[in-house]
Enquirer: 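Supplied in structure tokens, the structure appears directly below.
Every chain is numbered from 1, with letters handed out A, B, ... down the list of sequences.
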There are 2 protein chains.
Amino acid sequence: MTATPTPRVTIKDVAARAGVSKGAVSLAFNHKPGLSEATRDRIFRAARELGWAPNLTARTLAGSRVDVVGLAICRPARLLGLEPFYMEFISGVESVLTEHSCSLLLRLVRTVEEETGLQESWWRGRQIGGSILVDFRADDPRVAMAERLGMPVVAVGHPSLTGGLTSVWTDDTTAVTEAVRYLAALGHRRIARVGGAAALGHTSIRTAAFDEAAGAVGLAGAWQVATDFSGDAGARATRSLLTASAPDRPTAIVYDNDIMAVAGLSVAAEMGLSVPGDVSLLAWDDSQLCRLTHPTLSAMSHDVHGFGAEVARTLFGVIMGGGAGAHPVPTPVLTPRGSTAPPR
Amino acid sequence: MTATPTPRVTIKDVAARAGVSKGAVSLAFNHKPGLSEATRDRIFRAARELGWAPNLTARTLAGSRVDVVGLAICRPARLLGLEPFYMEFISGVESVLTEHSCSLLLRLVRTVEEETGLQESWWRGRQIGGSILVDFRADDPRVAMAERLGMPVVAVGHPSLTGGLTSVWTDDTTAVTEAVRYLAALGHRRIARVGGAAALGHTSIRTAAFDEAAGAVGLAGAWQVATDFSGDAGARATRSLLTASAPDRPTAIVYDNDIMAVAGLSVAAEMGLSVPGDVSLLAWDDSQLCRLTHPTLSAMSHDVHGFGAEVARTLFGVIMGGGAGAHPVPTPVLTPRGSTAPPR
DNA sequence: GATACGGACTTTACCGGTTAAGAAAACGTT
DNA sequence: AACGTTTTCTTAACCGGTAAAGTCCGTATC
């Protein structure tokens, strides 16, 4: 990219107009002591008249402050578009960043390796003051990267996945257990779970929790399928689960996100099965989408916006040199709606 | 945000290790002539050994290049989370930015005023090399802003809204006309449209086009409702349209996005009306969601990812000092699925 | 009345690169 | 051998801020 011919106003112009030195202008704009009210006013007036605002690039270079945080998301673009989760998460993050006049540098990447490279170059290039790491997997290379670089990060994921990094996490184990117990309490004895991408750490955690819970409540049948989070995959998985003959067919299905649950609902309809009569469906994340279907979808709800906000707050804590440790956010709670009922 | 104690490697360290001056390292890394192959190799080797990469902040300050583009989206966070459109759009933009090792600076804002302020400070602060402006409204202040600042931007919207700015736009008028003609051809005589936010320019354009088309094909009834794009609003609008008694009730409804169409589908089901038997529904944008419902949703489909990519390409053109004018992208095409049929 | 002190600024040296101008060595020419 | 040309590299001045150290001045202290 080449320059544009805009006549840039610099701190020098403001200083000249206010009849002071650059340093004085800098003091004024950083609200530091050492200036009289009168001078301060003159400086601000001059700046306003010239339409000047500090050049953040120069400020970053000179000082030690960087008011941008990074976020790289590693999922196929096709799927991201549909995941209400991320936009809500981002909007939560933004809500806190904005209070600190901080911006979000976003990038979609294809692989974890690409992400580590990107994060490293962002950090080395002082593009960011810290970063949010999401979608952890087992032995995630980003743990070592962040530690090696001494980069302030907050890891979104269970502490068992995020090593020594400061983390923000939801208790998926408890949530999965609650979901299974709820369905079992309704009388379901054969429950399936349509999970997310097998490579992701939280998927393994939920998978293990589901097995555990299924055993604990003594289910007669428990199935689990891994998908890529897409609606298509959710539909395929549901179809194959529901085509089984009656005794082998689950009477309830839990999904790892709401898109797949919507797809499941449609598959049931297409197969002539009634929801919740023939099969109960339980979604996860609970975006607005769950209230737009017919029947409405019961879901494990999550304050995704608040989650994002908490992540951002934690990141600021880390950047300021504190706030280490694992920060739990409230466990998703069951929100029963029209898609779950006792089996017929 | 305060600094972290990472020992940063700078160009000076690389120069020292390679036994040359800073300038030589700079020349090597910018692939400029004036260095022997041998020296170049030594420099690159030294850089590799030290794990050095040029500091983008310093590079930006010194040179005239900024490899970040801005995007501010002005819709309530709650709605954004659900709009598949934006994430897909962003992923399209990113796909092109990545090729140019360029990043996206994203911010959610509440008002256009807030956006103009933000864009201006981004530009003045040299945070961005250019910007993508979306969601234009009548007499949009951003047109004047971009011109005043001489900031390279590409406006996403119809040329009638974007003034003299370089724009990328879809022909909504033709698309709306096609939608109405299609429904009329199926035999529908009473068609309603559940539109988006009235303040947005493209909504007015579609509203006008709908009226026009309704007149041209001689409909017996044509209704239009403005919403905020949310599923809830779509549901409310649909409910009120469908509660009318038979002669006054539309037999087909066109929605301005797919979320509202999904909501409409559910309202029809809840009211005991069959789709497409009693009422046909036609969605807009056509994300994956339209294929996940039952019946599947007919839609005016759009290559949103490609749209985003085209916008990014156009922005690069503008930044390079060319590419002005209005760039049309293909008109949405009708994709008939299960939710549209002749009226009973 | 000399000394100390604190407030209000200014000076100056960076931050980590780029780039124009300058200098030294290598080369070809007559 | 003397002289212009390149080629290769160095120097030094920016870019637009920040921040530590320095200057100047009015006032309180003994």
Enquirer: Hey, does the side chain of A:Asn55 come within less than 4.0 Å of D:dC15's phosphate (OP1/OP2), counting only N and O?
Expert: no

Enquirer: Tell me whether the side-chain N/O atoms of B:Thr10 come closer than 4.0 Å to OP1 or OP2 in C:dG16.
Expert: no

Enquirer: For D:dT7, does either OP1 or OP2 sit under 4.0 Å from a side-chain N or O belonging to B:Ser36?
Expert: no

Enquirer: Kindly indicate, with the supporting measurements, whether the criterion side-chain contact (heavy atoms from CB on, under 4.5 Å) is fulfilled by B:Thr166 and B:Val153.
Expert: CA-CA 7 Å; B:Thr166 299; B:Val153 300; over 6 Å; no

Enquirer: Let me know, please, whether B:Arg42 or B:Lys22 comes out on the 5' side of the other along DNA chain D by nearest nucleotide.
Expert: B:Arg42

Enquirer: Within the structure shown, what part of the strands sits under 4.0 Å from A:Lys32 by heavy-atom distance: base, sugar-phosphate, or nothing?
Expert: sugar-phosphate

Enquirer: For B:Leu27 and C:dT19, give me the distance from atom CG to atom P, rounded to whole Å.
Expert: 9 Å

Enquirer: Is there a side-chain contact between A:Ser26 and the phosphate of D:dT18, meaning an N or O under 4.0 Å from OP1 or OP2?
Expert: yes

Enquirer: Has B:Thr60 got a side-chain N or O lying under 4.0 Å from the OP1 or OP2 atom of C:dG17?
Expert: no

Enquirer: Rounded to the nearest angstrom, tell me the gap between atom CZ in B:Arg126 and atom C1' in D:dC14.
Expert: 13 Å

Enquirer: Does a side-chain N-to-carboxylate-O contact under 4.0 Å join A:Arg107 and A:Glu115?
Expert: no

Enquirer: Using atom CD of B:Gln127 as one end and atom C1' of D:dC15 as the other, report the distance to the nearest whole Å.
Expert: 16 Å

Enquirer: Does the plane of the ring in B:Tyr86 sit parallel, tilted or perpendicular to the ring in B:Phe89? Use 30° and 60° as the thresholds.
Expert: perpendicular

Enquirer: Should A:Thr39 be listed as having a side-chain N or O under 4.0 Å from OP1 or OP2 of C:dA8?
Expert: no

Enquirer: Between B:Trp52 and B:Phe44 (judged by ring centroids, cut-off 6.0 Å), do the two rings come close enough to count as a pair?
Expert: no

Enquirer: Report which part of the nucleic acid A:Val20 touches: base, sugar-phosphate, or nothing (heavy-atom distance under 4.0 Å, all strands).
Expert: sugar-phosphate

Enquirer: Atom CG of B:Leu35 and atom P of D:dT7: how far apart are they, to the nearest Å?
Expert: 13 Å

Enquirer: Round to a whole Å and report the spacing from CZ of B:Arg59 to C1' of C:dT19.
Expert: 13 Å

Enquirer: Scan B:Leu61 against the nucleic acid and name what it touches under 4.0 Å (heavy atoms): base, sugar-phosphate only, or nothing.
Expert: base

Enquirer: Give the rounded distance in Å between these two atoms: NE2 of A:His31 and P of D:dA19.
Expert: 14 Å

Enquirer: Rounding to an integer number of Å, can you tell me how far A:Ile43 CD1 sits from C:dT10 C1'?
Expert: 12 Å

Enquirer: Is the B:Phe136 to B:His202 ring centre distance short of 6.0 Å?
Expert: no

Enquirer: To the nearest angstrom, how far is B:Phe29 atom CZ from C:dG17 atom P?
Expert: 10 Å

